[in-house]
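Scroll down for the structure; my scribbles are underneath it.
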There are 2 protein chains.
Amino acid sequence: MPTSTVEQYIKIIYTQQEHLEKGVVPMKRLSEAMGVTPGTATTMVKHLSDVQLVTYHPRQGVLLTAKGEDLALRMLRRHRLIEAFLEQVLGYDWSEVHADAERLEHAVSDKFIDKLDRYLGYPEVDPHGDPIPSSSGSIESAVTVPLNTCTPGRRVRIVRLLDDDPDFLVCMKDYMIFPGEDFILQESSAVAGTVTVEHLRTRGSATVGYGLAGRILVAEP
Amino acid sequence: MPTSTVEQYIKIIYTQQEHLEKGVVPMKRLSEAMGVTPGTATTMVKHLSDVQLVTYHPRQGVLLTAKGEDLALRMLRRHRLIEAFLEQVLGYDWSEVHADAERLEHAVSDKFIDKLDRYLGYPEVDPHGDPIPSSSGSIESAVTVPLNTCTPGRRVRIVRLLDDDPDFLVCMKDYMIFPGEDFILQESSAVAGTVTVEHLRTRGSATVGYGLAGRILVAEP
DNA sequence: TGTTAGTTTTTGAGTAGTCAAATTAGATCC
DNA sequence: GGATCTAATTTGACTACTCAAAAACTAACA
Ligand SMILES: [Mn+2]
Ligand SMILES: [Mn+2]
Ligand SMILES: [Mn+2]
Ligand SMILES: [Mn+2]
């Protein structure tokens, strides 16, 4: 059985790998995402390599093995189902579910997760629009593009928010920018570094930085 | 913040203290209940004493301080609310809730527990009839007597099962011996070491050992 | 009173995870 | 080709928890 620390490293490696062009995750990136020093990450990565969860390329980075990916998807499934539960059942605000899920995901059994999945009616996405892997480990995400790559004038629907930071999420909530909401993209300026959208229903407009807009995934219907 | 190991020790000390005439819990008892060697228990108890959770009487045993009792009751509240949730909401069998609760109790936040309490409608007891402490730390248990101290001929109602062992609980389930069920006490023999009861509705009779009967708490209405 | 059995404590060692600080390897830039 | 900057690795040390085995204490019994 993997410890909760190992579970956490594997999950982080998966998500970092996802948001990365080149396959391997370098130590700097991993250590920052884990909140540990680079030396600690190196030590742990060697251990993960020993137990076949990652392949380690010294001075370059890590890559998940098939076994590691399995574990990562199981953790993502746990995390996201728990987030859905906290919001839908216990009445958490969707901007606050992350922290509690982060600890619960390491304490639940497979039995718990499967029963929870059933109780929630087999949801496909969590409160942030992140897709929930099935119990067999398959995951399918909707086709989306980052908001900062869309062409102005087009109508877009918010599908997913990639950042888990409560401050970011509360800010998005104030702008009505969350999964399911429709907007018209008014302006997108790489030079000015801003993206402006107008909410379809309320006509309210919001301007966010280019970097943040990259973490807002939308569909162009 | 106490680690989950510390939380577990404190909870165990509380329950052992409860089922004990003399106040102090000796090392042998504590180490057995924790599943560690006596030396380990001694080491930990010294640490718990350093952080004011227990008072340690060398070569005699430990006693919770007020601070320790606070923590113990918070843990018991968590444990029992989680057990109630697993049974009532997720559909666990009440004989199986203990193991999962044992890990979850260390991973939930106060916010989680208070929201769960509300969602469940502020239950007073868990699936085994154990009373659930309030968020302010008060606990009130119904007046009960162990089944092996009752006088034959009397009608009794099962209120609480003290043992968490799944085998014991499944056995009790087969006999219909669980909170809320009514029986007539037919025979109680300290010599033979058995207690025989008859289920009021079904007329089915059950015989259990004297020791086990001591873990079945009943009310004589 | 002396012996013995049971309990408790001490000691030394091991695992998992972490950090600080020194060192090494690569890349980049003149 | 060097000088320099950054990322990565190594080393030594620390915390929290654990065990095995030896030593010490207590209590009770002969
Ligand atoms: Mn986590
Ligand atoms: Mn999420
Ligand atoms: Mn526990
Ligand atoms: Mn219980």
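Just so it is clear: chains get the letters A, B, ... in the order the sequence lines come, proteins before strands, and each one is counted from 1.
Not one side-chain nitrogen or oxygen of B:Y56 sits closer than 4.0 Å to the OP1 or OP2 atom of C:dT8. The phosphate of C:dT9 has OP1 or OP2 within less than 4.0 Å of a side-chain N or O from B:T42. Contact check, B:T37 against D:dT18: no side-chain N or O comes under 4.0 Å of OP1 or OP2. A sub-4.0 Å separation between OP1 or OP2 of D:dT18 and a side-chain N or O of B:Y9 is present.
The CD atom of A:Q60 sits 21 Å away from the P atom of C:dT24 (whole-angstrom rounding). Per the geometry, CG belonging to B:D50 stands 13 Å off P belonging to D:dC17, to the nearest Å. At whole-Å resolution of the value, CD in B:Q8 and P in D:dC17 are 12 Å apart. Rounded to whole Å, atom P of D:dC17 lies 16 Å from atom NZ of B:K46. When rounded to the nearest whole Å, the span between CZ of B:R59 and P of C:dT8 equals 9 Å. The nearest whole Å value for the distance from the CZ atom in B:R29 to the C1' atom in C:dT7 is 15 Å. Regarding B:H47, its NE2 atom lies at a distance of 19 Å from the C1' atom of C:dT10, rounded to whole Å. When the C1' atom of C:dT8 is taken as reference, atom CE of B:M27 falls 8 Å away, rounded to whole Å.
Remark: B:K46 fails to qualify as a cation-pi partner of B:Y56 under the 6.0 Å distance and 45° angle criteria applied to the six-membered ring. Judged by a 6.0 Å distance limit and a 45° cone about the ring axis, B:K173 is not positioned over the six-membered ring of B:F178.
With hydrogens and angles ignored, the 3.5 Å screen pairs no side-chain donor or acceptor of A:S95 with any backbone N or O of A:P166.
Checking A:H98 against A:H79 by side-chain atom types alone, a donor-acceptor pair falls below 3.5 Å.
For A:F85 and B:F85, the ring centers are positioned less than 6.0 Å apart.
The side chain of A:V36 sits closest to C:dT18 out of D:dC17, C:dT18, C:dT7.
Backbone-only engagement by A:T5 is indicated by non-hydrogen atom pairs under 4.0 Å involving sugar-phosphate atoms exclusively.
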